[in-house]
Amino acid sequence: MFDIYKEMWKRRKMIQSLSIQEIKREYAGTLLGFVWGLVNPLMRIAVFWFVFSVGARAGGPVDGAPYFAWLAIGMVAWFLLNDGFRLTQKSFRSKRSIIKNTPFPIAILPAVQILFSYYIHLILLAVVFLLTALSLQTVSLYNLQLLYYDFAAVMLLLGIGSMTAPLVAVSKDFGRFLDTILVFLFWMTPIFWSADNLGMYDWIIKLNPFHYIVQGYRDSFFYETGFWEQPVYTFYFWILVLIFFLLGNYLHKRMKPIFLDTL
Amino acid sequence: MDIAVSVKDITKKYSLYKDPWGPIKEVATRKKLHKDFFALLGVTLDFPKGESIGILGKNGSGKSTLLKIITGITEPTSGKVDVQGSIVFLDVSSGIDSELSGYDNIFMKGTLLGYTKQDMLTKIDDIIEFSELGEFIGQPVKNYSSGMKAKLGFAISVNVDPDILIVDEALAVGDASFQKKCMAKMNDFKLQGKTIIFVSHDNHAIESFCSKAAWIHQGELITYGDAKFVGSMYGEFMSGRKPIESILAEIQYEHAINQVAYATKENGFSLQITGILRNQQRKNVHERFQLAIRDDRTGETIMENLSSANQGFTVDFSEKEFPLFFKPGKFSFWLHEELAEEKEVEFSIWAGNAAISEPPSSGYDRFRYHFNVQQNNLQLAIENIEKVEQQVNRIWIEDELLHIDGIAFVRGYETKSPDDLAMKFYLTELNTFKRHAFPVTISETEEITENPAYNPQGKVYNFSRFQVAIDLRQLEIGSFESHLSYIMEKEPQHQLLNLVWASKASEYPAEPYSASAYTAHIQTANKYLRLEKRAKL
């Protein structure tokens, strides 16, 4: 039932070195290298802050946290989810030449992309962490929870990626569909607006597992709330991840013979 | 014998859809909307350890699909593959990322092949040296020439030390010295008892490098065995000399000519051939077959049924039954089987050990008959005993009568009276090989006798002019070639038969002759006289 994940665990060293090579590849030929991995998200955070806070005058503090910092932390979590989601769904299609020509355990490819996104994420996280720690004194034991939420995010992405990658490999249309979904998710996940604004309907937003991660990040920085303090939501999240894992394994097995021929 | 790779009854089916919505419609309507394409069909092969095995086949024959199934890149629709040992699939571009440097690519490909960084660090110097890239190794691969890329790919593949190396047409790139180096490296592999699977559409490369070869055609295994044998079969197929059915039959049956005996008696030339023809169960199958003799120039073919004799077959041909078939030219021998639906199979019969018995001269020899065996095939060459000098001086058509006026003589054979010689003129239709004979009028001319260029010895060739009149109305529609038979009525009484030589194009009608129902065309483009009668539309 978990064959592809066992394979990933068995090949974790291979995943590790492939993701390092992926970073090399990503920044090959640039002089500044991974600095670009930092500049782009920081710029986007700044733009969103400007638009919402200065332009739309909607940037009041959220439950006591300054809007800019609140937005930045949410965005950091979101960038991981966004990149992981985007890259894993294409992980078979973008590595077509390897799949077609090299005998290779292709089930690990989504994991490679997730690890790659995670490395980029770590750099951004370190920078933002430092900035908020210095300017807002956000350092607390609750920061350690980030490890848990990172783990949760990686597991969620692994489940989603294992499901979407084989489907996208079979059908390009599905890839387009997912790109559209991602845009939808971006606006529907409370990243620059607070879920509290919805009042009694916030449970709809909470169904979105991405919200669990984004909210968890903010809890770890500003609200000193542990994940164990919302056991139902945590339970829901992990059940969902388990379902994604099972579906991912099934879809991979089912689609592999098809996309090996048609890719 | 240890088996490195065993392939059992592999079938690979692709579904081809014309409509891009086809797969979805198919699910919805439960109708079959695709065409099945079998890239491989029931292929069973064992690759023994420590040998180099070639896989031959033209483009699109399924050989690459087979490789992909062996390496696990593609999954077969049905069948089983069993691989003992590690495989490296050497094809020039695989696993090379053009953005990364050559150096990084070595690690990249190493990782893909399942080696750790430490493993690769021990090999890296060998790889860089073998690749001959020198300082370029630090440059991005996108700046490499295709030859440099190939060198890098090859260097990585051979230096990671696989148990089984699969080479897919890779040696076509790279310069001669690098190719040589690759060959040397692969020979090392062979000596180390490693298995090499070498895929190519070039039978010469495979014959020279491999000990065994398999030939795949349209997804099916045609034959598997000695590389030279398979290579030569494939070569004959690819050059278009033999269709695939013939090769299949040739492989399927055990066939040989054991003995060839011939004689010339008063009723002409006769030939007896004995041999064997049996299937893989060693049962005689010759009742289904005929022996065919073919005139290699015109394609005219005669056939006789095989009859049983002495654990094999025997077959007789005689000139009486096939008049004017055995004439100067070259002839080949084939086994011929009629299949259903007007199909036929033909293959040349093996004659590597044929015993040819020369008959004692009988005095009836019209021609010189000479049998020989070339590339294990029997050939018969027939030659005139003497040379006839001939020329057509004039051709004209009048009242649907074709007149041919020419001269013919044999040096040294004097013709002082009209009784000294006789001639006959033949037209042979080139599709049906139906023959027409026409009487020849011989008359006196001094053209040869008085011409010192032809007659330096001052002999008498007075009766050397021939005239033929052909009634075009009596010929069927078709294309004809012409023969002239020259018959000496005195000693040495030779009978000579030649195509009619006509090289004075200006003396022949250039325009087609037009009658009410047909047109007649005189053709002498290749200097031999041909006549074509075409129906008017």
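Chain identifiers are assigned alphabetically (A, B, ...) following the order of the sequence lines, protein sequences preceding nucleic acid strands; residue numbering begins at 1 within each chain.
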Identify the two heavy atoms, one from [X] and one from [Y], that lie closest to each other, and give their separation to 0.1 Å.
X      : Y      : result
B:T74  : A:L260 : CA-CD1, 4.2 Å
A:I98  : B:M108 : CD1-CE, 3.9 Å
B:L100 : A:Q21  : CD2-O, 4.4 Å

Around atom [atom1] of [X], are there more than 12 heavy atoms of other residues, nucleotides or ligands at under 6.0 Å?
X      : atom1 : answer
A:Y236 : OH    : yes
B:F136 : CZ    : no
A:L31  : CG    : no
A:R176 : CZ    : no
B:K185 : NZ    : yes
A:Y148 : OH    : yes

Item to complete: Check whether A:K256 gets within reach of chain B through its side chain, its backbone, both or neither, counting any heavy atom under 4.5 Å.
Response: side chain

Worksheet item: Which answer fits A:I106, side chain, backbone, both or neither, if we ask what part of it has an atom under 4.5 Å from a heavy atom of chain B?
Response: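 Neither part.
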
Fill in: Reported NZ-to-NZ distance for the pair B:K117 and A:K13, which is rounded to 0.5 angstrom
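It is 13.5 Å, given to the nearest 0.5 Å.
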
Discussion item. I need the B:D104 CG to A:R25 CZ distance, nearest 0.5 Å.
Written reply: 12.0 Å

Worksheet item: B:I73, B:L67, B:T71: which one forms the most heavy-atom pairs within less than 4.5 Å of chain A?
Response: B:I73

Fill in: Contacting region of B:F107 [heavy-atom separation from chain A under 4.5 Å]
both

Discussion item. Given heavy-atom pairs under 4.5 angstrom as the criterion, report whether the side chain, backbone, both or neither of B:K12 touches chain A.
Written reply: side chain

